[in-house]
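As structure tokens, the structure follows; a few thoughts come after it.
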Amino acid sequence: MRTLLIDMDSVICDLMSEWHRRYNRDYDDDLTVDRLQCWESERYVKPECGLRIYDYLKEPGLFLGLKPLPFALEVLERLHNKHHIFIVTSSVSTAYAEKECWVEQHLPFIGRKNLIFAHRKDMIVGDLLFDDAPHNLLGFSATGRTAVAMDYPYNRDVNVPRVKSWLEFEKFVNHLWRGE
């Protein structure tokens with residue numbers, strides 16, 4: 001069995017829609033993920049917000065209410081039958097408990113025992129990382145292992161395989177190790 005490391009925010013669950021909804025409400029703006037051409041969200045918000053865009057990530061309840069991306073739960077369950085799966089996420093410390101609860105609620109077959117909080121995902125032992133953050137994709141692929149990007153405008157400069165959906169990711173994984 002292979003070990004798959006799967007990011008949580010904007011890969012399993014839709015962080016950007018809720019994060020941007022809160023910002024747009026407070027600043028009367030229309031920020032969407034399609035406008036983010038790089039990882040630094042503060043470049044795309046109104047000047048009066050600036051770095052405060054990241055304060056939304058500390059709001060109680062934000063992570064508990066996130067919706068899974070289409071087919072994420074179904075594909076993870078199918079992949080779980082063939083591979084070891086760890087959810088790897090970096091987070092503000094106030095979100096740890098919420099992310100544990102989210103995994104327990106939506107991914108009980110994986111469970112919080114397979115949830116790893118880490119900013120250095122390249123240091124975690126695994127065969128493949130599925131992530132959206134450019135620095136994680138670059139760091140992991142630099143180790144010679146397979147990094148796969150959930151395709152977003154802010155990570156298109158990273159030269160790794162990319163997918164636009166969970167169904168595409170499942171096909172990629174099944175094709176990668178089809179002979180095993």
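Worth knowing before you read on, the calculation uses all heavy atoms, side chains too, and leaves out hydrogens, waters and symmetry mates.
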Here the gap from L115 atom CG to E104 atom CD, rounded to the nearest 0.5 Å, amounts to 9.0 Å
Can you tell me how far the CG atom of D122 sits from the OG1 atom of T143, to the nearest 0.5 Å? 7.0 Å
Test item: E42 side-chain N/O and G50 main-chain N/O as donor-acceptor pair under 3.5 Å: no
Which pairs, with at least one residue in residues 71-90 and sequence neighbours excluded, count as a salt bridge (charged side-chain N to carboxylate O under 4.0 Å, His left out)? R78-E170
Connected via hydrophobic side-chain network under 4.5 Å: L15 and L73: yes
Look only at the side chain of K121 and the backbone of L129, and say whether a donor-acceptor pair between them is shorter than 3.5 Å. no
Within 6.0 angstrom of F71 CZ, more than 12 heavy atoms from elsewhere: no
N159 atom CG, neighbour heavy-atom count above 12 within 6.0 Å: no
Partners meeting salt bridge (charged side-chain N to carboxylate O under 4.0 Å, His left out) with D132 (sequence neighbours left out): none
NZ or CZ of K99 within 45° of F63 ring axis and under 6.0 Å: yes
Check against side chain to side chain contact (heavy atoms under 4.5 Å, CB included), H175 and F172: CA-CA 5 Å; H175 179 75; F172 178 88; 5.9 Å; no
Least distance between heavy atoms, Y152 atom then N155 atom: O-OD1, 2.8 Å
Considering only residues two or more places apart or on different chains, which pairs with a residue in residues 107-119 satisfy side chain to side chain donor-acceptor pair (under 3.5 Å)? none
d(I12 CD1, T89 OG1) to nearest 0.5 Å is 8.5 Å
Say you draw a straight line from CG of N136 to CG of D7; how long is it, rounded to the nearest 0.5 Å? 7.0 Å
Hydrophobic cluster membership, with links at side-chain heavy-atom distances under 4.5 Å among I/L/V/M/F/W/Y: are F140 and L4 in one? no
Please say yes or no: joined through hydrophobic side-chain contacts below 4.5 Å, possibly via intermediate residues, are V173 and F86 part of one cluster? no
Taking all heavy atoms of Y44 and all of L36, pick out the closest pair and write down the distance. CD1-CD2, 3.4 Å
If you draw a 6.0 Å radius around CG in D157, do more than 12 non-hydrogen atoms from other residues or ligands fall strictly inside? no
About how many Å separate CE of M1 and CG of L79, when rounded to the nearest 0.5 Å? 10.0 Å
What is the minimum heavy-atom distance between K46 and D28, and which atoms define it? NZ-O, 3.1 Å
Under the rule for salt bridge (charged side-chain N to carboxylate O under 4.0 Å, His left out), what residues qualify as partners of D30, not counting sequence neighbours? R35
Got more than 12 heavy atoms from elsewhere within 6.0 Å of CG, N81? yes
Distance (rounded to the nearest 0.5 Å) between I85 CD1 and H80 NE2: 6.0 Å
Give a yes or no answer on whether the side chain of Y56 reaches the backbone of R21 with a donor-acceptor pair at less than 3.5 Å. no
L66-V11 co-clustered via ILVMFWY side chain contacts under 4.5 Å: yes
Check: Y23 side chain, C49 main-chain N or O, donor-acceptor pair, under 3.5 Å: no
List the atom of M150, the atom of S165, and the distance in Å for their closest heavy-atom pair. SD-N, 4.1 Å
Students often mix this up, so state it plainly: with edges at 30° and 60°, are the rings of W177 and H83 parallel, tilted or perpendicular? tilted
Of all the heavy-atom pairs spanning W39 and A133, show the shortest one and how long it is. CH2-CB, 3.5 Å
Show your working on side chain to side chain contact (heavy atoms under 4.5 Å, CB included) between R2 and L128 and close with a plain yes or no. CA-CA 8 Å; R2 299 288 183 156; L128 178 146; over 6 Å; no
So, do L76 and F109 sit near enough that their side-chain heavy atoms are less than 4.5 Å apart? yes
Residue list, side-chain hydrogen bond (donor to acceptor under 3.5 Å, both in side chains) with Y96, at least two apart or on another chain: none
Name all residues meeting the salt bridge (charged side-chain N to carboxylate O under 4.0 Å, His left out) criterion together with D14; count only those two or more places apart in sequence or in a different chain, and write none if there are none. none
Nearest heavy-atom neighbours spanning I124 and R145: O-NH1, 2.7 Å
Ion pair present between K171 and E168, side-chain N to carboxylate O less than 4.0 angstrom? no
Count the heavy atoms of every other residue, nucleotide or ligand shown that sit under 6.0 Å from CZ of R156, and state whether that count exceeds 12. yes
Is any side-chain heavy atom of V45 closer than 4.5 Å to one of L31? yes
Can you hop from L138 to Y154 via hydrophobic side chains spaced under 4.5 Å? no
Parallel, tilted or perpendicular: which describes the rings of F169 and W166, with under 30° parallel and over 60° perpendicular? perpendicular
Any side-chain heavy-atom pair from V103 and M8 closer than 4.5 angstrom? yes
